[in-house]
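Just follow the structure's listing: the first ligand is 1, and inside any ligand the first atom is 1. The shown structure was predicted, so the numbers you read here are calculated from the model rather than taken from an experiment.
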Amino acid sequence: MQTSIPASVLATPKGQEAERILRKCVHCGFCNATCPTYQLLGNELDGPRGRIYLMKEVLEGNRPTHRTLTHLDRCLTCRACETTCPSGVEYGRLVDIGREFTEKEVRRPWTERLVRFALRQGFVRPMLVRLALLAGRLLRPLLPSGLRRMIPPARRAGRRPAGRHRRRMLVLSGCVQRAAEPRINAAAARVFDRLGISLVRARGEGCCGAIDHHLNASGRALARMRRNIDAWWPFIESGAEALIVTASGCGAVVREYGHLLRDDPAYAEKAARVSSLARDPGEAVAEALAADEMALDRLGLDGRRPRVAFHAPCTLSHGLRAAGAVEGVLDRCGFERVPVADAHLCCGSAGTWSMLEPALSKRLLERKVEALERGGPEVIATANIGCLLHLRRRAHQPVVHWIELLDPAASRTRP
Ligand code: SF4
Ligand code: SF4
């Protein structure tokens, strides 16, 4: 794609990066075929090719309107287009830059600014999430059914194994998941313990920065990333083999730390190392099963395995590029997996997007749940807390994180 971005923009690292990405796009439109919002709305400007064109216009100095912002806001940043693109256009990075440039020119109405601020403040504080859940549980009978089903029952996380193994990996506790479903990381610690690996938590770590990053508060997001790196660094220096992130939405952002902090001389090298260590548990368990033929026995899975429909989050498939890893683990562990049509399409959660675009989100959720339930599963499993809570709003089966299916305490938790 030809561009005429002014020299003042090209003088900046973001301007250079955007130009490099834009030049790769050949307008073929293949990406529209896998874009959820293009499929729903059928408007070129609500597909990746149209959005790329809009961002090019903004970067070239044409003043964006509120309409430009609306088309960019409707993008879920699912990055399905990135996986589809034959030219290697890094759409996810481009849309981050495009949104930043657009928001500098277009002032949002105060109501939108307030909602975004509240989302950024509320979700990153586990204590606030816990309080909201407590209120939700108390008021459950009065809530609309979709919201009621989203509120997880208070479940005990169960005992975490002592750190007894020489092999150690860090684990991100996170914010929303820690409060809403503490059982997930506890289950991961028990599974990894069986595999001969102790998962350790670093004091001082917190939100990965995804919520601020996706809501265009990049300064705050980078501050959260630096704080996490500081918390993890002593463990990395003393030999932690990997950083396990059980929410793929967070994992995809931690994988980007190296890129996002590349211009920070104090953190660039450490951030790149952290990104190289970030692993979804699906990748790490698959590696452990491949490396040791006795590992499967050590997991101690017994009893009948339920029939599973697996929803692969976009952040796992298109962000972390780990498509197939979890499915491979479930197959190896003897679970019967039902086929899921249009598995590449987003469920409509996309972090805070479902709250900012509720009508579109609902339509995507309905399609996704219908596809997941068509094969008659007994349980729906996924790999990201946002998708998990979102799917529960409509699903008729239990929705769990897949690592819970491997949990040695599963006799009490397996549906
Ligand atoms: S598929 Fe890639 S090259 Fe083709 S229009 Fe989409 S982004 Fe551009
Ligand atoms: S990131 Fe997802 S929603 Fe956004 S343009 Fe690409 S495919 Fe469409």
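Considering only non-hydrogen protein atoms, atom 4 (Fe) of ligand 2 sits nearest to C75 SG, 2.3 Å. In terms of protein heavy atoms, atom 8 (Fe) of ligand 2 is closest to C35 SG, 2.3 Å. The protein atom (non-hydrogen) at minimum distance from atom 7 (S) of ligand 1 is I52 CD1, 3.6 Å. With hydrogens left out, the protein atom closest to atom 2 (Fe) of ligand 2 is C78 SG, 2.3 Å, a heavy atom. Closest to atom 6 (Fe) of ligand 1 among all protein heavy atoms lies C31 SG, 2.3 Å. For atom 1 (S) of ligand 2, the nearest protein heavy atom (residue, atom name, distance) is R79 N, 3.1 Å. Of all protein heavy atoms, the one closest to atom 3 (S) of ligand 1 is V26 N, 3.3 Å.
With salt bridges taken as basic N to acidic carboxylate O contacts below 4.0 Å, none links E205 and R201.
The closest approach between G29 and ligand 1 falls below 4.0 Å for a heavy atom of the residue. Heavy-atom separations between C81 and ligand 1 are all 4.0 Å or longer.
Atom 4 (Fe) of ligand 1 has no N, O or S atom of H27 closer than 2.8 Å.
Listed by atom number, the atoms of ligand 1 under 4.0 Å from C85 heavy atoms are 1 (S), 2 (Fe), 3 (S), 7 (S). Of all the atoms in ligand 2, the ones that sit under 4.0 Å from a non-hydrogen atom of L76 are 3 (S), 4 (Fe). For ligand 1, the atoms closer than 4.0 angstrom to any heavy atom of P86 are 1 (S).
A 4.5 Å side-chain heavy-atom check between T37 and C75 finds every atom pair outside the cut-off. Counting only heavy atoms from C-beta outward, the side chains of W353 and D73 never approach each other to under 4.5 Å.
With respect to E366, the salt bridge (charged side-chain N to carboxylate O under 4.0 Å, His left out) criterion is satisfied by exactly one of K368, R363, K362: K362. Residue K24 forms a salt bridge (charged side-chain N to carboxylate O under 4.0 Å, His left out) with just one option from E19, E17, E82, E90, and that option is E90.
Interatomic distance, E241 CD to E287 CD, rounded to the nearest 0.5 Å: 10.0 Å.
The residue V95 has no part lying near ligand 2, judged by heavy-atom distances below 4.0 Å. Within the 4.0 Å heavy-atom criterion, the part of Y91 lying near ligand 2 is the side chain and not the backbone. With a 4.0 Å heavy-atom cut-off, ligand 1 is reached by the side chain of S87 but not by its N, CA, C or O.
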Please walk me through it: do E100 and K14 pass salt bridge (charged side-chain N to carboxylate O under 4.0 Å, His left out)? CA-CA 10 Å; E100 190 178 318; K14 285 182 181 167; 2.8 Å; yes

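Ranked by closest heavy atom to atom 5 (S) of ligand 2, the top entry among H344, E82, R51 is R51.
Summarising the geometry of G206 relative to N228, their closest heavy-atom pair is N-OD1, 2.9 Å, with the distance given to 0.1 Å.
In the model, T77 has a side-chain atom that pairs as donor or acceptor with a side-chain atom of R99 under 3.5 Å. Donor-acceptor pairing under 3.5 Å is lacking for the side chains of T68 and T102.
For Q121, the CD atom counts as densely surrounded, since its 6.0 Å shell holds more than 12 non-hydrogen atoms of other residues, nucleotides or ligands.
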